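What follows is a single structure, written as structure tokens, with notes after it.
Being a predicted model, the structure only gives us computed values, none of them experimental. Every chain is numbered from 1 and lettered A, B, ... according to where its sequence line falls, protein lines coming before strand lines. These numbers come from the heavy atoms of this one structure, side chains and all, not from hydrogens, waters or symmetry mates.
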There are 2 protein chains.
Amino acid sequence: MKIATFNVNSLRKRVGIVADWLERHRPDVLCLQETKVQDSEFPLLALASCGYEITYRGMKSYNGVAVLSRKKPEAVFHGFDDGGDPDEARLLRVVIGGLPIINTYVPQGYEITSPKYAYKLGWYERLRRYCDKHLSPDAPALWCGDMNVAPRPIDVHSPEKHLKHVCYHEDARKAYEQVLAWGWQDVFIRLYPDRQQYTFWDYRAPSSLEANKGWRIDHILATAPLAERCVRVEVDVEPRRAKDPSDHTFLWAEFSI
Amino acid sequence: MKIATFNVNSLRKRVGIVADWLERHRPDVLCLQETKVQDSEFPLLALASCGYEITYRGMKSYNGVAVLSRKKPEAVFHGFDDGGDPDEARLLRVVIGGLPIINTYVPQGYEITSPKYAYKLGWYERLRRYCDKHLSPDAPALWCGDMNVAPRPIDVHSPEKHLKHVCYHEDARKAYEQVLAWGWQDVFIRLYPDRQQYTFWDYRAPSSLEANKGWRIDHILATAPLAERCVRVEVDVEPRRAKDPSDHTFLWAEFSI
DNA sequence: GCACCACTGG
DNA sequence: CCAGTGGTGC
């Protein structure tokens, strides 16, 4: 079983990249973030020939998540159900062949002094409670997405420069780790604890890609019984080097199921 | 001698189309309108390999004219010199090998009830006086550009529907004809009085090109001694069918000199 | 840097 | 429909 995740940074702009990647890699499931498209504008037609079931929830301008799967999900859940703030099309949970899969686009947070950062930290707390409510750490489950957190120094270039960055600041890493403590294992770290491999390179730093100044902020996590069966995890850098790329690239994991 | 004109509708977006066309057609002179680029942003580098002298005057957002010529102009004049309103980078006169060439992007006029339309009509009056002042109808001279006037019924699809259109309204045609009366001959009409051939197809009408619902509003005119030597005039529709086209296409004329 | 938005212009 | 502008977000 092959699972992939990709922050597409506008699906309408990147539908060709996504279709090409699906053709070549044929994952069972692809989680997309930052589709940036309202449901009424979702490019279903351009993806139709790929042969994937498509589950999506978007809004105008910002955020938006989608799950493309070879099998039709038997259940679909949109957003948090905690009665709190709307989650702005950042969370999608599907169940496919009995396996729950959570796809998240976690708030970036802007600056550590910003209310947006407090919202990010709170979002992780809500997510921890969401896991408590809907999943069991003892049963197979997956959590994929753009977490906007680089969990370790190795996961960001020049970590010492980014101690106050919203994606590396202590509080953000702790908030993220608190969700992991529920029962998630990062399958990349599990298989390759010493490997440095980024998934995101900022458009703004002109040579960020050439100089490999990136961040590992997109992650695939699994509960213990599934994590044990993870046999391979890869970042495919090629789409980041393509014409008109997203600032992120694809991360995928293979499970012996 | 081959002379061409093209409303490029943003030179920065169309620099590839222009360079390709120059390579294939090698005109002696190409007049461009609606370059929509400030002089400081003019894409000189992207055009450098074509081997043309480049004369230009632009502004932010709107208008902008340029002349590309195989020979360096011995004189260059920007705008009207009548002490009136600034001409907004709509008029450029060069002298190349002794031949005066005027390149104009005539105001469109918006609506016939608009002050912009009055400005258009006045612009033609100023242009007539400009010809009086700087040129002789008895000496070779060229006037090329987007005139925003379809002079005859055959020059617009469904003329009866466009009687109040700023590019076909009686007053606009009269204002244009008053400049012609100074001593200009439309070389297209001169050679092919019955040919229907448009140079502009609106982006907004989705099938304007497929249904050939266009306008002939780009023109090449010559004074009598030069017009007599015009041997061929063509509209090249191909660039209008290219990817990311301008809404206009190239018009060119060949003179036996 | 590169998406998005709303707006203006033709 | 497709340019341009300025603004926001990451």
Boundaries of the DNA chain D segment in contact with chain B, non-hydrogen, under 4.0 Å
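Using the under 4.0 Å cut-off, the span is D:dC1 to D:dG6.
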A:Asn9 versus A:Lys36, side-chain donor and acceptor atoms under 3.5 Å
yes
I'd like to know if the side chain of A:Trp215 pairs up with that of A:Thr199 as donor and acceptor (distance under 3.5 Å, no hydrogens or angles considered).
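Result is no, nothing qualifies.
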[atom1] of [X] versus [atom2] of [N]: gap in Å, rounded?
X	N	atom1	atom2	result
A:Gln33	C:dA3	CD	P	17 Å
B:Gln108	C:dT8	CD	P	17 Å
A:Glu210	C:dG1	CD	C1'	13 Å
A:Lys13	C:dG1	NZ	C1'	13 Å
A:His248	C:dG1	NE2	C1'	13 Å
A:Glu34	C:dG1	CD	P	19 Å
B:Glu88	C:dG9	CD	P	12 Å
B:Asn148	C:dG9	CG	P	15 Å

Using side-chain heavy atoms (C-beta onward) and a distance below 4.5 Å, is [X] in contact with [Y]?
X	Y	value
A:Thr35	A:Tyr105	no
B:Asp171	B:Tyr117	yes
A:Phe6	A:Trp21	no

Which comes earlier along DNA chain D counting from the 5' end, the contact point of B:Lys60 or that of A:Asn9, where each point is its nearest nucleotide?
B:Lys60
Pick the closest DNA chain D nucleotide for B:Asp244 and for A:Tyr105 by heavy atoms, then say which residue is nearer the 5' end.
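Nearest-nucleotide comparison on DNA chain D picks B:Asp244.
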With a 6.0 Å cut-off (strictly less than), is the heavy-atom count around OH of B:Tyr110, excluding the residue itself, greater than 12?
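Counting other residues, nucleotides and ligands, OH of B:Tyr110 stays at 12 neighbours or fewer.
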If you assign each of B:Arg204 and A:Asp247 to its closest nucleotide in DNA chain C, which residue comes earlier from the 5' end?
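Checking each residue's closest nucleotide, the 5'-ward one belongs to A:Asp247.
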Tell me whether the NZ or CZ atom of B:Arg216 lies within the 45° cone about the ring axis of B:Phe200 and under 6.0 Å from its centre.
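Ring-cation test returns no.
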Categorize A:Tyr110 for me: base, sugar-phosphate, or nothing, with a 4.0 angstrom heavy-atom threshold over every strand shown.
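Nothing, no heavy atom under 4.0 Å.
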Would one find a side-chain N or O of A:Lys36 under 4.0 angstrom from OP1 or OP2 of C:dC2?
no
